[in-house]
Amino acid sequence: MRSVRIESTGGPEVIRLVDVATPTPGPGQVLIRQTAIGVNFIDTYHRTGLYPIPLPSGLGLEGAGVVEAVGEGVTRVKPGDRAGFCSGPIGAYAERHVVAADRIVTIPDDVSDSIAAASMLKGMTARYLLRKTFPVERGTVCVVHAAAGGVGQILVQWAKTLGATVIAVVGSDEKAEIAKRLGSDHVIVSTRTDIAKAVREITGEGADVVYDSVGKDTFEASLDSLKPLGMFVSYGNASGPSPAVVPGVLSAKGSLFFTRPTLFHYTRTPQLLQETADDLWAAVQTGAVKIAEPKRYALADAAQAHRDLEARRTTGSVILEP
Ligand code: NDP
């Protein structure tokens, strides 16, 4: 079968498509024939080495398709069932992938594989950020960075259904239109506006919570956008890693809270994964959160998908089709 491999860390050019033997599921594992593979920004961190992984390695944590074989002891799914996953193991950029049965996400009948691959990892992230990391409620003022991106589009819509006032931050006018269409109350175009100043003009005292996935480039602006006792949720590094947090600065800027969460801790048990997935599918099925048709690339074009994602050329989600 065809599978993506990287032998070393580096730019998108290190991505190679190779032929490998189809793996066999071991005890408690499931072999999935994938029809759609989620591309996530974290895949670029694995490729560059920002998040170190053992090499050589595959790439990708998320996919959807059909169960082709199950290992000993698996009763949750059987060959022929639809199945998805979004917590690895790394290596989803492939025609088939072996995952642990207890990390399988059941996909509702009315959600296609491509929408599942576009929304599981990103939507579950939005869910824990809004419901667990900082429980957003009616009247909460939140700043959402990269609001027209994969996670961002879901965050904006979900925050609105919870009654929040959403201040979206985006990198272009085209993305501003998307953020507005999704229901954002205010949109800031980061490439020509002082983000913190604009947030203060809108809010007076500052925002209750900032969801920052951009990292290095927006760190100071996020700190300066919060009201006293506000929460800085640093959940990504699309522009590079954030600088170290100095406790005294949190105090000086308003007794702020700072957290650096990751989906894997919020879905670390099968129960937490199920609860998170149930909430996501409910939001998708009721239409509270609409998942835009993802941008599709052939598996062989995974390097181009990375180039476009890293160059800020994509909006919404990106998937690969084997
Ligand atoms: P996105 O579709 O959001 O793409 C990244 C976006 O970041 C770009 O479109 C761009 O939007 C913005 N950006 C700003 N500066 C840069 C830069 N210098 N280089 C590249 N992009 C930049 O990706 P995903 O939806 O896959 O992921 C969004 C973020 O969420 C990532 O940082 C990812 O790591 C993080 N994440 C974290 C999780 C967690 O649990 N901690 C789980 C899932 C995702 P614009 O042009 O509008 O600024």
Side-chain angles (χ1 to χ4, degrees), residues 4 32 34-47 50-51 53 58-65 82-94 97 99-100 102-108 111-133 144 146-158 211 213 233 235-238 260-270 272-284 289-297 302 305-306 309-310 314-321:
V4 158
I32 298 178
Q34 305 191 90
T35 59
I37 299 159
V39 175
N40 291 285
F41 220 92
I42 191 173
D43 308 339
T44 71
Y45 308 146
H46 290 146
R47 193 206 72 225
L50 179 65
Y51 295 176
I53 53 172
L59 285 176
L61 299 168
E62 177 175 37
R82 294 180 71 212
F85 61 94
C86 62
S87 41
I90 292 175
Y93 291 10
H97 196 40
V99 302
D102 64 4
R103 301 307 292 173
I104 292 277
V105 175
T106 305
I107 305 168
V111 175
S112 67
D113 286 357
S114 54
I115 292 295
S119 65
M120 288 181 292
L121 194 149
K122 298 172 184 77
M124 289 194 212
T125 299
R127 187 267 184 183
Y128 87 73
L129 291 173
L130 296 167
R131 307 250 350 246
K132 298 290 174 184
T133 309
V144 176
V151 178
Q153 291 203 13
I154 304 175
L155 263 180
V156 168
Q157 297 177 73
W158 207 324
Y211 292 110
S213 59
V233 183
Y235 76 98
N237 351 256
R260 185 23 179 122
T262 176
L263 173 65
F264 306 107
H265 296 136
Y266 284 85
T267 55
R268 66 193 180 281
T269 66
L272 287 169
L273 179 65
Q274 187 67 49
E275 175 191 310
T276 311
D278 288 348
D279 231 14
L280 169 64
W281 297 138
V284 170
V289 170
K290 295 188 181 62
I291 308 297
E293 276 301 322
K295 187 160 168 49
R296 296 156 194 269
Y297 296 80
H306 276 213
L309 188 60
E310 290 174 292
T314 64
T315 58
S317 299
V318 173
I319 62 168
L320 303 176
E321 292 177 321

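What you are looking at is a predicted structure, and each value in this text was computed from that prediction instead of being measured. For reference, positions follow the sequence shown, starting with 1.
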Item to complete: Considering non-hydrogen atoms only, spot the tightest contact between Gly65 and Asp113 and give its length.
Response: CA-OD2, 3.6 Å
Item to complete: Measure the CE-CG distance between Met124 and Leu129 for me, rounded to the nearest 0.5 Å.
Response: 13.5 Å
Fill in: Minimum side-chain heavy-atom gap Tyr128-Asp279 below 4.5 Å
no
Discussion item. For the backbone of Lys290 and the side chain of Gln157, can you confirm whether one donor and one acceptor N or O come within less than 3.5 Å of each other?
Written reply: yes
Worksheet entry | Minimum heavy-atom distance Val99-Gly88, with the two atoms named | CG1-O, 3.7 Å
Item to complete: Show the numbers, then the answer: is there a side-chain contact (heavy atoms from CB on, under 4.5 Å) between His306 and Leu59?
Response: CA-CA 11 Å; His306 276 213; Leu59 285 176; 4.0 Å; yes
Fill in: Check: Leu61 main-chain N/O paired with His97 side-chain donor or acceptor under 3.5 Å
no
Worksheet item: Minimum heavy-atom separation for Ala64 to Ala116, with atom names?
Response: CB-CB, 4.2 Å
Worksheet item: Can Arg47 and Glu310 be counted as an ion pair, charged N to O under 4.0 angstrom?
Response: yes
Worksheet item: For Lys122 and Ile291, what are the C-alpha separation, side-chain angles and deciding distance, and is it a side-chain contact (heavy atoms from CB on, under 4.5 Å)?
Response: CA-CA 10 Å; Lys122 298 172 184 77; Ile291 308 297; over 6 Å; no
Worksheet item: Do the side chains of Tyr266 and Leu272 get nearer than 4.5 Å, heavy atoms only?
Response: no
Worksheet item: Between Glu321 and Ala36, is there a donor-acceptor pair closer than 3.5 Å when you use the side chain of the first and the backbone of the second?
Response: no
Discussion item. Under 3.5 Å, is there a donor on one side chain and an acceptor on the other for Tyr211 and Thr133?
Written reply: no
Worksheet item: Are any of the side-chain heavy atoms of Ile104 and Ile32 separated by less than 4.5 Å?
Response: yes
Item to complete: Check step by step if side-chain contact (heavy atoms from CB on, under 4.5 Å) holds for Ile115 and Glu293.
Response: CA-CA 7 Å; Ile115 292 295; Glu293 276 301 322; 3.8 Å; yes
Worksheet item: Can you tell me how far the OG atom of Ser112 sits from the CD1 atom of Ile107, to the nearest 0.5 Å?
Response: 8.5 Å
Worksheet item: Which atom names give the shortest non-hydrogen contact between Ala302 and Val4, and what distance separates them?
Response: CB-CG2, 4.2 Å
Fill in: Donor-acceptor pair, side chain of Glu62 and main chain of Met120, under 3.5 angstrom
yes
Worksheet item: Counting only N and O atoms by type, is there a donor-acceptor contact under 3.5 Å from the side chain of Trp158 to the main-chain atoms of Arg131?
Response: no
Fill in: Where Ala292 and Gln153 come nearest, the two heavy atoms and their spacing
CB-OE1, 3.9 Å
Worksheet item: Just how far is it from atom CG of Asp43 to atom CG of Leu309, taken to the nearest 0.5 Å?
Response: 8.5 Å
Discussion item. To the nearest 0.5 Å, what is the distance between CD1 on Ile37 and OH on Tyr297?
Written reply: 14.5 Å
Worksheet item: Would you say Arg260 and Asn237 make side-chain contact, with heavy atoms under 4.5 Å?
Response: yes
Worksheet item: Does Ser87 reach the side chain of Leu263, with side-chain heavy atoms less than 4.5 Å apart?
Response: no
Worksheet, complete the sentence: Heavy-atom nearest pair, Ile42 first then Phe264, reads CD1-CE1, 4.2 Å
Worksheet item: Can you check side-chain contact (heavy atoms from CB on, under 4.5 Å) on Arg127 and Glu275, steps first, answer last?
Response: CA-CA 10 Å; Arg127 187 267 184 183; Glu275 175 191 310; 3.3 Å; yes
Fill in: Within-4.5 Å side-chain heavy-atom neighbours: Gln34 and Leu320
no
Practice prompt. Measure from the ring center of Tyr93 to the ring center of His46 and say whether it is less than 6.0 Å.
Written response: no
